[in-house]
Protein chains: 2
Amino acid sequence: MAVKRGAGDEVVTTTPATAAPDLDGPAVRERARAIPEAAVARLAVYLRVLSGMVDGGVTTISSEELSAAAGVNSAKLRKDLSYIGSYGTRGVGYDVEVLVSHIERILGLTRKHSVAVVGIGNLGHALANYGGFPSRGFPVVALFDVDDDLTGVPVGGIPVSHIDEIEQVCASREVSIGVIATPPPAAQAVCDRLVSAGVQCILNFAPVVLQVPDHVEVRKVDLAVEMQILSFHVARRADEASAEQAANGMVNGVGVEGVVIRP
Amino acid sequence: MAVKRGAGDEVVTTTPATAAPDLDGPAVRERARAIPEAAVARLAVYLRVLSGMVDGGVTTISSEELSAAAGVNSAKLRKDLSYIGSYGTRGVGYDVEVLVSHIERILGLTRKHSVAVVGIGNLGHALANYGGFPSRGFPVVALFDVDDDLTGVPVGGIPVSHIDEIEQVCASREVSIGVIATPPPAAQAVCDRLVSAGVQCILNFAPVVLQVPDHVEVRKVDLAVEMQILSFHVARRADEASAEQAANGMVNGVGVEGVVIRP
DNA sequence: CCGACTTTGTGCACACGTTCACAAGCGGTA
DNA sequence: TACCGCTTGTGAACGTGTGCACAAAGTCGG
């Protein structure tokens, strides 16, 4: 998060006079740099929806249809797609296959990204067996655990390696993404070993804030945090409801006590 | 996402002259409404870090220390905390326990939120056995699946119910959060049944965009999307690296072909 | 070939979230 | 009590992301 501002200096989001001459050259890099993080997440969703459409035999789709299927509004969808270039036909819509291939290119899915899962507990088992990874170009090629009883046992077709082998195995199998599914206390140590093994991307399921060098990208999935965000919305909604009720029922400005908020 | 703008009309984030008289009244509700979504997610992280500090015997902490432990900068942390009120002491810092209780209150954790998991496959198993939920106030009280071979079998201490019982079981056990861990094709139907059972919050692990009424809050965890975001950053970084290399090695403006980008 | 209709791509304005920088306030000290 | 140093809390500037509304650009029917 620090080196990011190395080369670019003041990123110009509007690429004014870069009309059309270079369809796929250095400009792609420049543009990729300017795609908002939020848009990238949505592009992945569009890709999934579009893949389903290809299977369904759909060849062309309008921004209105696609945005409805992806759960966003059409303006946002078009803006997101404009970040990766102009591949639609006005008056018609987008060619589904063309769009798929361009999104895949931008997301870097033309390369295979081999995945290693560390921590073969309940969650690790589930991840190793999860069909969603390989089918989307993320083959799981290595599993690690500290438990000697697990090493050698195949899970989802892949034998579990001992965590001490992490460096050599990751290197030989060209792992580019590490998934941490260990108990919280082990997470930082595992993370350090993954980094020293040359892994540049980490998906962290452990409820711990990982410290990593600038060149490593971390994304976290914290189930408890997700729950708590939902909890917040429940509470907020309950407050609003009771407030509305209070506004109708009692006119004095002091009231509304003991129903929702417990100090 | 639509009804939100119902009552408030122009939310005033700055609560200027609401000095101190009402420490815990209707103002809390007003304020809760104004907390940015992103801040809520971070508050959950702060809470986790602070809980660890309580266990470690820490009684007071400065914004600088806490922000470092939570992986954010101190200004953001202080602003986040200011959304929930002024509970720090200038020149000293924050009382850890006070902060914990206030964050818990804002996040609605003074109520227990019972959880139901639907779809007892690999992931469902992992979630049912996951210790992180109960310990943070989210007891798993019900499990559902369509498979008759599973119904009755206890997983993580809770017997699996058939999905047809979802309405009555959810009602009797007062489920407030539903977790969808089914295969994609089943997700929307399950979601509809959860909603009709009165569940207001849904955590969705299926790679599907769920359609729900306005009053239901959905959060999604899509592992493939997370992977693809990581993939995007790998690609971007590779592009930057090769571009830098190209800038050093070749001076003509056309070059850099065939190394990274495959059109 | 032309005009009507449809849908994209984007400039612009607004809202949201982040960061900065500093006054206000508190504890410790003489 | 008066001062000094430290840390909070927050106004204000900034940057990023979202939504609107429309010109540009294409198809289709006649």
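Values below: all heavy atoms of this structure, side chains included; hydrogens, waters and symmetry mates excluded. Chain identifiers are assigned alphabetically (A, B, ...) following the order of the sequence lines, protein sequences preceding nucleic acid strands; residue numbering begins at 1 within each chain.
If you find the closest nucleotide of DNA chain D to A39(A) and to I61(B), the one lying nearer the 5' end belongs to I61(B).
Atom OG of S86(B) sits about 12.5 Å away from atom CZ of R78(B), to the nearest 0.5 Å.
The two atoms that bring G178(A) and V199(A) nearest to each other are N-CG1, 3.5 Å, heavy atoms only. Closest approach of D192(B) to Q211(B), counting heavy atoms only: OD1-O, 4.2 Å.
Atom CG of D80(A) and atom P of dG19(D) are 10 Å apart (whole Å). Atom P of nucleotide dT16(D) and atom OH of Y83(A) are separated by 11 Å, given to the nearest angstrom. In this structure, CZ of R42(A) is placed 12 Å from C1' of dT16(D), rounded to the nearest angstrom. Taking atom CD of E37(B) as the reference point, atom P of dT18(C) lies 11 Å away to the nearest angstrom. The separation between L77(A) atom CG and dT8(C) atom C1' is 11 Å, rounded to whole Å. L81(B) places its CG atom 13 Å from the C1' atom of dT10(D), with the value rounded to the nearest Å. Atom CD of E64(B) and atom P of dT19(C) are 13 Å apart (whole Å).
In terms of the side chain to side chain donor-acceptor pair (under 3.5 Å) criterion, Q200(A) has no residue partners (sequence neighbours excluded). Judged as a side chain to side chain donor-acceptor pair (under 3.5 Å), and not counting sequence neighbours, the contacts of S62(A) are E65(A).
Checking dG17(D), dT18(C), dT8(D) against every side-chain atom of A38(B), the shortest atom distance belongs to dT18(C). Which of dG17(D), dT10(C), dT18(C) sits closest to the side chain of K79(A) comes down to dT10(C). Closest to the side chain of K76(B), from the set dG17(C), dG9(D), dT18(C), is dT18(C).
Residue pairs that meet the salt bridge (charged side-chain N to carboxylate O under 4.0 Å, His left out) test with at least one member in residues 92-103 of chain B, sequence neighbours left out, do not exist here.
Close to dT7(C), at under 4.0 Å from its OP1 or OP2, lies no side-chain N or O of S63(A). Phosphate proximity of dT18(C) to N73(B): absent, as no side-chain N or O sits under 4.0 Å from OP1 or OP2.
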Restricting to nitrogen or oxygen on both sides, can you table the protein-nucleotides 22-30 of chain C pairs closer than 3.5 Å?
unit_1, atom_1, unit_2, atom_2, d
dA24(C), N3, R90(B), NH1, 2.6

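Using a 4.0 Å cut-off between charged side-chain N and carboxylate O, E37(B) and R42(B) make no salt bridge.
Here the options are L43(B), I35(B), V40(B), the test is side-chain contact (heavy atoms from CB on, under 4.5 Å), and the partner is Y83(B); only I35(B) passes.
Within residues 93-101 of chain B, the residues having any heavy atom under 4.0 Å from DNA chain D are, by residue number, G93(B), Y94(B).
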Residues 45-52 of chain B side chain polar contacts: donor-acceptor under 3.5 Å, at least two apart:
unit_1, atom_1, unit_2, atom_2, d
Y46(B), OH, D80(B), OD2, 2.7
R48(B), NE, P207(A), O, 3.1
R48(B), NH1, D222(A), OD2, 2.1
S51(B), OG, L47(B), O, 2.8

